[in-house]
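Below: one structure, written as C-alpha cells.
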Amino acid sequence: MSWIRRRSGWTSPAEVDLFIARFESSAESLSQALRAAAASSAAAAAAETDADTVPFGQLQGTVVGLRYYTGVVNPGEMVALVRQPQNPYDRNAVMVANMDGSQVGHIKKELAAAMAFIMDNNLAKVEGVVPYRNNAFTMPVSLSFWGAEEDKPAFTQRMAQHGFKMNSGGMSTSNGAQGGRPPAKKPVTIPLSAEELKNAFDNLFDGLMESKEGEKEAAELVSTPLLPHQKQALSWMCACENGSTLPPFWEQRGALYYNTLTCFSAKDRPQRVRGGILADDMGLGKTLTTIALILTNFHQGKPLPVQRCTGESSVSYLSARSLPCEKPNLKTKNILWVMPIKQNKKCLTIRTCTSAQREHYTHLCVCVCQETTVLLEDLDFAAALSGSTSSTKPKNKRSAKKAVPEDEELSARATLIICPLSVLSNWLDQFEQHVRADVQPNVYLYYGPERNRSTSFLASQDVVLTTYNVLAADHANKSPLHAVSWLRVVLDEGHVIRNPNTQMAKAVLHLKAQRRWILSGTPIQNSVKDMWMLLAFLQLKPFDIKEWWNRVIQRPVTQGDRAGLLNLQTLVRCITLRRTKSSTVNGRPLVALPKKTVCVEQVELTPQERAEYELARLEGQSTVSRYVAEGSVMSNYADVLAILMRLRQHCCHPDLLAKITSDLTGVATTPAELRQRLVEKLRAVLASGSDEECSVCLESVRLPVITHCAHVYCRPCIAQVVASEREMARCPLCRSDLTISQLVEVPPEELEGEEDGARCERWRTSSKVEALLGNLLRLRSEDHSIKCLVVSQFTRFLSILETPLREQGFSFVRLDGTLSQKRRAQVIQDFQSSAPDSPVIMLLSLKAGGVGLNLTAASHVFLMEPAWNPAAEEQCIDRCHRLGQTRKVFVTKFIVKDSVEENMVKIQRRKQDLVEKAFGSKNTDRKTSRIDDIRALMEL
DNA sequence: ACCGCCGGGTGCC
DNA sequence: ACCGCCGGGTGCC
C-alpha cells in the first residue's frame with residue numbers, strides 16, 4: 001500500500017508508461033502517465049503525515065532540452081519532477097512537466113544524477129518552481145526538497161557527494177507566484193497555531209449558504225412541494241450544472257486561461273466541474289433535492305423526459321414551460337415520450353433517444369407537425385427525427401458544427417447514484433414517494449447477482465442506483481458501470497470514500513460523467529487530506545492531481561500557512577452548499593424540528609452487582625497501572641481495551657461477560673493459549689463498537705481479523721498490505737510490526753456456540769434492564785402510540801432485552817448489522833408504520849445501518865450505555881430527530897453511577913473538544929493523550 | 001546558444 | 001603539428 005514508505009525497489013507502472021509514452025510521443029498517454037506518476041509518487045511521499053515533513057532546503061537547478069517538448073511554463077509556475085528510470089540515455093533522468101502534464105524538459109544530468117537517488121529512495125519529495133524564463137533552450141528551476149526529519153542527514157550527505165549544497169533559508173510553503181525572481185521577497189507571516197487551524201478547519205463548511213442564487217421550482221414530475229431551502233439548493237445545483245464558470249483561481253488573460261496559484265496557463269478553457277458538494281445537514285432533504293435535480297435539469301433547465309404509464313389518451317406535458325406550444329390537443333398512442341422541444345436545442349433531443357424511443361419521437365413529431373404551425377419551421381428537426389439525413393433547409397452551420405463535439409455528451413441520459421447499502425432502500429422509497437404517481441422514471445437497482453450488466457440497458461435508464469461495494473467489485477472486472485457515459489453521477493454519503501487508496505475510491509474516480517455530485521452531511525471527518533478525494537472526484541482542476549493539491553493546499557494548510565488556508569476556504573466555498581439545522585432562510589429556520597430533550601439517567605448497581613464490578617475493577621486497575629509504569633500501555637492496548645470492555649459489560653448485564661475468562665493478565669505459555677486470548681480480544685474489540693470500520697477499505701469489517709496491537713481489519717485488506725510490503729510490514733494504524741501469521745480471527749463456530757450458550761442460561765435481570773423497563777412501562781401507560789428506540793452496542797444485550805420485552809407484551813422489532821438488506825427494509829417499514837398493531841420498540845444496534853436511516857416513528861431514544869464515539873450517539877438520535885419528526889424527542893442515556901461509564905462520558909466530552917479534530921498535533925501528543933484517557937478511565 | 005564543447009582544418013608574419 | 005589557433009557544426013536526457 002502506497003502510504004507505507006518504500007525505501008528500495010520502488011517501481012510503479014507509471015514509469016513504464018512514461019517510457020512508452022516518451023518514445024511513442026503520444027501526448028495523451030504522457031499526460032495520463034504523468035497523472036499516474038504524480039499521484040502515486042505523491043501518495044508514497046505523503047506517506048508520512050504532513051506534520052512530519054520538514055523542509056530540507058532549496059537549490060537552483062537547470063531545465064534543459066526545452067526545444068524538444070511542447071510544455072510551456074510561465075514565470076513563477078510550479079512544475080512537476082518525475083523520475084524516468086527507463087530513459088535510454090540516462091537512467092538518472094528526471095523529467096520536468098507542467099501542470100497539464102506536458103513535458104517541459106529534463107533536469108540537467110549532473111543534478112539529475114543526485115536527484116535520482118534521492119527520489120528513488122524516497123529520501124525527499126522534490127518540488128519545482130520556475131522563477132523566470134531566459135531563453136529557448138534552458139531555464140532555471142528552483143527546487144525545494146521536503147522530507148522526514150530523520151532522512152535529512154542522508155539527504156544532505158548524498159547531495160553533497162554530488163557537489164550540491166542546499167540553501168536552507170526561506171522556503172516558501174505556499175505557491176511560487178509571488179516568489180518571482182531568485183531573491184524572493186519573504187513575506188513575514190506568523191504561522192497559524194494548531195488551535196487557530198482547528199477552528200478554521202472546523203468552520204470550513206460553515207456559512208456556505210450566503211446568498212446563493214434564488215429559488216427554483218422543481219419540475220412537475222416532483223410531487224412533493226419543496227421547502228424554500230430545497231428550492232434554493234435546486235437552483236444552485238442547476239446553476240452549477242448548466243453554467244460554465246471557471247473553476248476557482250482561474251482567470252482569463254487574453255486568449256489564455258491562467259491559474260493564479262500555480263501560474264499555469266492553458267489554451268483550453270478549464271472546465272469547472274458541473275456539480276459540487278451538497279453538504280446539508282442530515283434531514284434537510286438532500287435526497288429529495290437530488291431527485292428534484294434529476295427530474296428538473298435534464299439539460300439546460302429542461303425536465304427529464306419521462307415515460308407516462310397511464311392508458312389515457314389525453315397528453316399532459318410534463319413541463320409546459322419547456323415546450324414551444326402550451327397544450328397541443330394531441331391524440332397519440334398511450335405511451336408517449338415527451339421531450340423538451342425548442343428550436344435551438346433540437347439536436348439535444350435527438351441524440352438522447354434510443355432507436356425505440358426515436359420511433360416515439362417521430363410519432364410525436366409527426367403529430368405535432370400536423371397540428372401546430374410552430375414546429376413546421378423545424379423541418380430539419382423533423383427530418384432528423386424521422387431518421388432522414390437530408391433536409392429541406394440548408395443546415396444551420398453553427399448547430400451542425402456544435403453537434404459533432406457534443407455528440408458524446410448528448411448521448412448521456414442516465415444518472416448513476418452510488419450509496420452505502422444502508423440507504424439503498426431509502427432512495428427507492430424516496431423516488432416512489434416524491435415522483436408523481438402517473439409517471440415512472442426508469443429507476444434501475446443495480447444490485448444483486450441477477451443485475452443486468454448490459455451497457456445499453458443501463459445507459460437508457462433515467463436513474464441507476466447501486467452501492468459502493470457493487471461498483472468496486474465490478475470495477476475489478478470489466479464493469480458495465482464504467483463503460484457508460486453518465487449524464488450525472490451522484491455519490492451519496494460521499495465522505496465514505498475519503499481514502500483514495502481504496503478500491504471503492506478508485507472505482508469512483510474512473511466513472512465517466514458530465515456532472516458529478518457529492519452528497520454528504522459530514523464532508524470532512526478528520527483532516528484536510530479527506531478533501532482531496534472529493535476534489536478529485538469533482539475533477540476540480542488542477543487539484544484533481546494529488547501533487548498540485550499537496551503543494552498548493554494540503555501542505556501549506558497543515559503547516560499553518562494562512563494563504564493556504566484562505567485558498568482552501570475559497571475552494572470549498574466555490575463548490576459547496578451547506579446548511580445546518582440551525583441555518584435560516586430569510587430569517588426563518590430551514591426546518592422547524594420538534595424540540596429534543598436529552599437527559600442522563602443514573603443507574604445504581606445492586607450490592608451484588610457492585611461487588612462483582614469492584615472485583616473486576618481492582619483487577620483491571622492493577623494490570624493497567626503495571627502497563628503504565630512499564631510504559632507499555634500502547635503495545636498492550638488490546639488487553640487494556642478488553643479490561644475496559646469487561647467493566648462496561650458489568651455495567652450493563654452480567655451475562656454479557658464472555659464465559660471463557662482465561663486470565664488476561666497472565667503470560668501465555670502455549671500458542672493455543674495466546675491464540676485464545678487474541679480471539680477474545682478480537683471479540684471484545686468488535687463488540688465494543690469502537691473500531692468496526694476497516695481502515696483499509698473503510699467499510700465495515702468483513703472477515704475481521706485483529707492484529708496483536710488490537711487493530712481490526714478485513715482479512716483480505718490487511719493481507720494485501722502485508723503482501724505489498726514483503727519485508728517489515730507495519731500496521732497501517734499504529735505502525736507496529738505485522739505478519740500474517742499473527743493475525744487472529746474469530747472461529748465462526750465460536751460465534752454460534754456463544755449465542756446458544758447465552759440463550760441456554762436462565763434469564764436474569766440487571767439494574768440497567770430494570771431502569772429501561774421502568775421507563776418503557778411508564779411511557780406505555782401514558783401514551784400507547786409512543787415508539788421507542790432502544791440502542792446498544794452490544795447485540796447480546798439487545799438479545800437479553802428481548803426476554804422481558806416479550807414478557808411485558810411489547811411488540812418490538814430488532815435492527816442490527818446481521819440483517820439482510822431485504823429483511824432490514826421490512827423491519828424499518830414495519831416500525832415506521834402507524835398501524836395500531838405495529839411494533840412500538842426497536843432494538844437497535846448502535847452500528848447498524850449507516851446514516852440516512854429514517855426512524856421518525858420513534859420519539860423516545862434510550863441509549864443503554866455510553867459509546868466511545870459521541871458522534872455515533874448523535875447520529876443515532878438524529879435517525880428519529882430529523883425531518884418528518886412530528887413529536888418532541890426525548891433521549892435518555894443510562895449511565896451507571898461510580899463506574900467506568902461515568903469516566904467514559906468525561907472523556908467523550910474532552911475528546912470532542914480536543915483530540916478528535918485536532919490535527920497538526922504530533923503523534924506523540926496523541927499517544928500521550930490516549931494513555932491519559934486510559935488512566936482516567938481506570939481511575940489511576 | 002550573443003554560450004561551451006567538440007573535432008577537423010590548419011600552421012611564420 | 002605529440003602543439004595552439006581558427007571557425008563551423010552543434011546542442012536534453
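Predicted, not measured: the structure shown is a model, and the values here were computed from it. Per chain, numbering begins at 1; letters A, B, ... match sequence-line order.
Of the nucleotides present, none pairs with B:dC2 by Watson-Crick or G-U wobble criteria with both distances under 3.5 Å.
The separation between A:N135 atom CG and B:dG4 atom P is 12 Å, rounded to whole Å. Rounded to whole angstrom, the span from the CZ atom of A:R67 across to the C1' atom of B:dC3 amounts to 14 Å. Computed from coordinates, the A:E110 CD to B:dC5 P distance equals 11 Å when rounded to whole Å. Rounding to whole angstrom units, CZ of residue A:R133 and C1' of B:dA1 are separated by 14 Å. Taking atom NZ of A:K109 as the reference point, atom C1' of C:dC12 lies 8 Å away to the nearest angstrom. The OH atom of A:Y68 sits 12 Å away from the P atom of C:dT10 (whole-angstrom rounding). The CG-C1' distance, from A:L81 to C:dC12, rounds to 15 Å in whole Å. Atoms CD (A:Q103) and C1' (C:dC12) sit 9 Å apart, rounded to a whole Å.
With both ends at atom P, the span from C:dG9 to C:dG4 equals 26 Å, rounded to whole Å. To the nearest whole angstrom, the two C1' atoms, one in C:dA1 and one in C:dC6, are 15 Å apart. On the C1' atoms, C:dT10 is 9 Å away from B:dC5, given to the nearest whole Å. The gap from the C1' atom of B:dC12 to that of C:dC3 amounts to 15 Å, rounded to the nearest Å.
Base orientation for C:dA1: syn, the chi torsion being within 90° of 0.
Checking A:N92, A:L143, A:L59 one by one against A:M115, the side chain to side chain contact (heavy atoms under 4.5 Å, CB included) holds for a single residue, A:L143. Paired with A:S265 under the rule side chain to side chain donor-acceptor pair (under 3.5 Å), one option of A:N74, A:N259, A:N98 passes, and it is A:N74.
Under 3.5 Å, the side chain of A:N87 and the base of C:dC13 form at least one donor-acceptor pair of N or O atoms.
Centre separation under 5.5 Å together with a plane angle under 30° does not hold for the ring of A:Y89 and the six-membered base ring of C:dC12, so they are not marked as stacked.
Side chains of A:V63 and A:H106 form no contact here, defined as non-hydrogen atoms less than 4.5 Å apart.
Residues forming a ring-ring contact (aromatic ring centres under 6.0 Å, His included) with A:F155 (at least two apart in sequence, or on another chain): A:F56, A:F145.
Residue A:F137 places its side chain closer to B:dA1 than to any other of C:dG11, B:dA1, C:dC13.
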Audit row: A:R274, A:E241, salt bridge (Lys or Arg N to Asp or Glu O under 4.0 Å) steps and yes/no: CA-CA 4 Å; A:R274 295 186 178 255; A:E241 289 195 345; over 6 Å; no

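Counting any heavy atom pair closer than 4.0 Å across all strands shown, A:L66 reaches no nucleic acid atom.
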